[in-house]
Amino acid sequence: METKPYTLSAEEENRLIDREFRDLLDGYMSSNHRKKVDIIERAFKFAREAHHGVRRRSGEPYILHPIAVAKIASQEIGLGSTSICAALLHDVVEDTEFTVEDIEQHFGKKIAEIVAGLTKISGGIFGDKASAQAENFRKLLLTMSQDIRVVLIKMADRLHNMRTLGSMAPNKQYKIAGETLYIYAPLAHRLGLFAIKTELEDLSFKYEHPREYERISGLLRRSEEGRSMVYNNFAAPIAERLDAMGLEYEAKARLKSVYSIWRKMETKHIPFEEVYDLYAMRIIFDPPQGIGEKEMCYRIYAALTDLYRPHPERIRDWVAVPKANGYQALHVTLMGPDGNWIEVQIRSRRMDEIAEKGFAAHWKYKIGGEGEEESELSVWLRTIKDILDDPTPNAIDFLDTLKLNLFSSEIVVFTPKGELLTLPAGATVLDVAYTLHSEIGNHCIAGKVNHKLVPLSQKLNSGDQVEVLTSQSQTPKREWMTFLSTAKAKTRLRKELRRESQPVIEEGKKIFDTFLTENSITLNNDVITKILGTYHVQTREELFYKLGSGEASIDDYLNVNTSRGARSLVSRLFRLGFGGSDKKKKDPTAETTSAKPAKINTKETYVLRFNDNERNFHLSDCCRPIPGDDVMGFIRDDGEVEIHALTCPRAQVLKASYGPRILAVKWEDVTETFLTTVRIDGIDRHGILQELTHMISTALDIDIRSLNIEAREEVFTCTLSVKVKSTADIDALCSKVLRIPGVRRADREK
């Protein structure tokens with residue numbers, strides 16, 4: 001995805017900058033904000049001068065980036081003059097000699113505070129610092145409770161960076177797209193920025209899977225005419241009915257995003273042609289005088305169900321109970337005239353504005369009061385603060401805990417007093433206990449769900465009434481962590497366990513430090529990583545706890561009671577090379593084998609080779625990619641390159657947490673075969689197994705390593721382990737197998 005070379009003259013650049021700023025001002029002037037043009041113009045001039053002569057990676061003047069961010073903040077999120085000024089100035093402190101004090105002197109305290117918040121989490125001039133790591137996400141979320149506009153402007157900044165990602169090196173594209181999909185897209189969703197969330201997902205998908213993106217986009221273009229015809233046939237009777245009701249409304253089709261279509265194809269294992277819910281209909285109405293929004297939603301629903309049959313299990317009422325991010329709408333799925341199900345979303349104009357521009361933008365800076373909307377957002381911000389209060393240093397744990405609250409679907413449960421609690425899908429009785437209070441969680445022994453006694457691990461459904469039972473003799477257990485679903489509960493339990501285990505951890509640390517001192521061993525990061533791996537723990541605290549509690553001992557793991565002594569054995573076990581005479585006495589051949597690989601240039605695309613003479617990568621165990629898959633490289637602690645599929649959940653975490661160690665890679669000299677699994681489903685009949693095995697082993701010349709077939713009533717499932725050279729072999733295999741009468745599905749299991 002190369003961008004065109006930048007060729008504008010200085011005069012053309014100045015005209016372009018002025019035109020872009022004028023477009024920003026025009027959009028602001030047409031909004032419903034107070035017209036503070038003077039301060040915006042001053043901020044623009046200040047930023048333009050501060051960034052004078054600086055260019056982006058694409059070659060364009062840097063000032064175009066803050067203008068674009070300000071335009072997104074204003075026109076796509078709906079923020080006002082304070083946010084526009086902060087967006088224009090958001091990189092000034094990070095990238096120039098000006099300070100936050102200078103900003104405050106020129107533009108006041110509030111703008112300076114927002115710029116300071118953005119500077120803490122800045123990715124800099126869209127270069128080497130563009131990828132925020134886990135600690136920066138922590139800072140990002142910490143600022144949300146102080147001023148939500150900080151994170152909204154950061155979201156605008158990330159969106160513009162994604163829109164201009166084509167000028168970056170491939171490994172930077174993977175890194176930035178990966179963390180965008182892992183953190184920023186779900187964060188946008190949680191804040192109600194649905195349009196931005198969709199675009200971030202699509203842009204991330206475009207750079208991670210360019211071929212799939214182009215293929216699905218092409219299929220959408222080719223099927224557009226047929227889709228329009230189906231939609232018009234479905235929508236015409238609805239428009240006629242709404243007109244007869246005398247309603248002021250707007251009806252439009254909303255096409256499913258490319259990323260959403262791909263996700264559905266992947267998770268459901270279906271081709272594009274079987275994704276029937278490619279679009280939804282959206283009805284946006286202005287409530288007539290004297291009729292409330294909620295009542296009008298239900299009237300429209302009644303009119304629609306008079307025309308078409310509704311799906312009884314696919315009605316979503318977020319009008320009566322809004323989502324935690326403020327989203328309100330009534331969703332109903334109707335059987336269209338062609339026999340396909342079509343979702344219709346019913347919203348008032350106000351609901352639509354919140355859904356499109358984001359609930360957070362309607363918080364107190366815009367609506368100016370302490371209303372229901374603010375309290376909903378405040379609840380979520382308090383949850384984020386709970387996560388941030390956890391002092392766990394492990395960045396991966398932090399991101400995983402955060403994901404619990406960002407990605408989860410929601411259920412609504414009630415306390416015996418009728419209090420409503422919104423929780424992630426999969427939440428348990430213990431989650432409810434910790435949501436109510438840390439002490440209730442710590443002493444929880446069981447629950448009553450709909451007046452029936454249930455264990456702590458009982459999963460809840462929407463609408464359940466939940467009562468928590470406690471006992472002062474109960475204490476928190478480590479195994480509780482396995483059935484908690486909310487970030488708040490996990491954080492609170494972890495904090496209590498840490499408090500109780502602190503004396504044991506201190507004892508374990510004393511044992512470990514004494515061992516190091518007695519054997520004159522000095523640790524570095526590589527060494528401690530390998531030691532943690534040997535003990536099968538993730539953090540030093542876990543290691544110290546094991547040693548202090550007697551679960552493990554250094555003698556057991558390091559076998560120090562041998563004649564060679566602790567120092568040389570530790571060195572040999574972990575390949576630490578502490579120096580001294582031992583190193584010189586090593587066998588030269590062994591030294592060559594364990595030598596670290598040459599340093600890898602992450603700015604270049606790494607060529608994957610696997611043949612009779614060379615293998616320069618390791619396949620990850622979590623996703624086992626094969627040639628033809630979209631993959632990335634990760635440089636391990638030992639300097640070796642590990643290959644992950646871009647869709648691998650572990651890869652998502654690595655991209656968001658270890659950006660500088662991500663490699664763009666390509667398959668080039670790979671002649672060996674790889675083991676993979678194919679699943680085949682179909683209608684069972686006599687002789688179908690023989691046909692399958694004959695075709696695979698003879699017609700396709702593919703090596704079968706194992707075969708398992710199971711038939712239940714009239715349906716069979718076949719799982720094949722085969723050795724192939726690339727995804728092309730899999731595609732050919734599935735294509736041929738699907739021609740066998742009775743086979744309904746054949747695809748690779750990932």
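Values below: all heavy atoms of this structure, side chains included; hydrogens, waters and symmetry mates excluded. Treat the numbers as computed from the prediction; the structure is a model and nothing was measured.
Surrounding CD of E714 are at most 12 heavy atoms belonging to other residues, nucleotides or ligands under 6.0 Å away. Remark: E248 CD is loosely packed, at most 12 non-hydrogen atoms of other residues, nucleotides or ligands lying under 6.0 Å away. The environment of CD in E240 is sparse: at most 12 heavy-atom neighbours from other residues, nucleotides or ligands sit within 6.0 Å.
When atom types are taken as modelled, the side chain of D464 and the backbone of V449 share no donor-acceptor pair closer than 3.5 angstrom. Judged by distance alone, with hydrogens and angles left aside, the side-chain atoms of D202 form a donor-acceptor pair with the main-chain N or O of Y259 at under 3.5 Å. R314 places no side-chain N or O within donor-acceptor distance of the main-chain N or O of T333, the cut-off being under 3.5 Å. Here the side chain of S30 pairs a donor or acceptor atom with the backbone of G27 at under 3.5 angstrom. A distance-only check finds a donor-acceptor pair linking the side chain of N450 to the backbone of Q465 [under 3.5 Å]. Between the side chain of R158 and the backbone N or O of L200 there is no donor-acceptor pair closer than 3.5 Å. A distance-only check finds no donor-acceptor pair linking the side chain of Q345 to the backbone of H331 [under 3.5 Å]. Side chain of S257 to backbone of T198: no donor-acceptor contact under 3.5 angstrom is found. With D157 contributing its side chain and I153 its backbone, the two residues share no donor-acceptor pair below 3.5 Å. The backbone N or O of G426 lies less than 3.5 Å from a partner atom in the side chain of S485, making a donor-acceptor pair.
With a 4.5 Å cut-off on side-chain heavy atoms, Y434 and T486 do not count as touching. In this structure, the side chains of M351 and V319 come closer than 4.5 Å at one or more pairs of heavy atoms. In this structure the side chain of V429 never reaches within 4.5 angstrom of the side chain of L469, judged on heavy atoms. Using a 4.5 Å cut-off on side-chain heavy atoms (C-beta onward), D338 and N233 make no contact. Within the 4.5 Å cutoff, the side chain of K264 has heavy atoms near those of the K256 side chain. Within the 4.5 Å cutoff, no side-chain heavy atoms of S438 are placed close to those of K495. With a 4.5 Å cut-off on side-chain heavy atoms, K294 and C297 do not count as touching. Inter-residue side-chain proximity for I300 and V344 is flagged as unmet; no heavy-atom pair is nearer than 4.5 Å.
In this structure, R149 CZ and I84 CD1 are separated by 11.5 Å, a value rounded to the nearest 0.5 Å. Atoms CG and NE2, on L646 and H644 in that order, are 10.5 Å from each other to the nearest 0.5 Å. Taking CD of E208 as the reference point, atom CG of L181 lies at 6.0 Å (rounded to 0.5 Å). For the atom pair CD1 (I440) and CG (L430), the distance works out to 11.5 Å, reported to the nearest 0.5 Å. E201 CD to T180 OG1: the interatomic distance, rounded to the nearest 0.5 Å, is 11.0 Å. Rounding to the nearest 0.5 angstrom, the gap separating the CG atom in L203 from the CD1 atom in I196 is 11.5 Å.
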### Task
Verify side chain to side chain contact (heavy atoms under 4.5 Å, CB included) between L334 and L307, making sure each step is shown before the conclusion.
CA-CA 9 Å; L334 305 171; L307 290 169; over 6 Å; no
### Query
Does the pair I283 and L304 meet the rule for a side chain to side chain contact (heavy atoms under 4.5 Å, CB included), with working shown?
CA-CA 11 Å; I283 298 170; L304 297 182; 4.2 Å; yes
#### Entry: side chain to side chain contact (heavy atoms under 4.5 Å, CB included) between M481 and K490, intermediate numbers included
CA-CA 6 Å; M481 199 68 75; K490 287 206 168 195; 4.0 Å; yes
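Contact detail for W341 and P310: the closest heavy-atom pair is CZ3-C, 4.0 Å. Shown here for M281 and A251, the closest heavy-atom pair between the two residues is CE-CB, 3.7 Å. Nearest heavy atoms, Q328 versus R347: O-CG, 4.2 Å. Heavy atoms only, all atoms of each residue included: A645 and A651 are closest at O-CB, 3.5 Å. Shortest non-hydrogen contact noted between Y207 and A177 is CB-CB, 4.4 Å. When every heavy atom of G441 is checked against every heavy atom of W480, the shortest pair comes out as O-CZ3, 3.4 Å.
Take T647 and apply the side chain to side chain donor-acceptor pair (under 3.5 Å) test, not counting sequence neighbours, and it matches no residue.
Pairs engaging residues 288-309 under the ring-ring contact (aromatic ring centres under 6.0 Å, His included) rule: F234-Y308 [sequence neighbours left out].
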Enumerate, atom names and distances included, each donor-acceptor pair closer than 3.5 Å involving a side-chain atom of residues 286-293, sequence neighbours excluded.
unit_1 : atom_1 : unit_2 : atom_2 : d
D286   : OD1    : R349   : NE     : 3.4
E293   : OE1    : R350   : NE     : 3.2
E293   : OE1    : R350   : NH2    : 3.0
E293   : OE2    : S348   : OG     : 2.7
E293   : OE2    : R350   : NE     : 3.2

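A salt bridge is absent between R221 and E224; no separation between the charged side-chain nitrogens and carboxylate oxygens falls under 4.0 Å. With respect to R163 and E76, a salt bridge is recorded, a charged nitrogen being found less than 4.0 Å from a carboxylate O.
Classification of the F205-H209 ring pair by plane angle, with boundaries at 30° and 60°, yields tilted.
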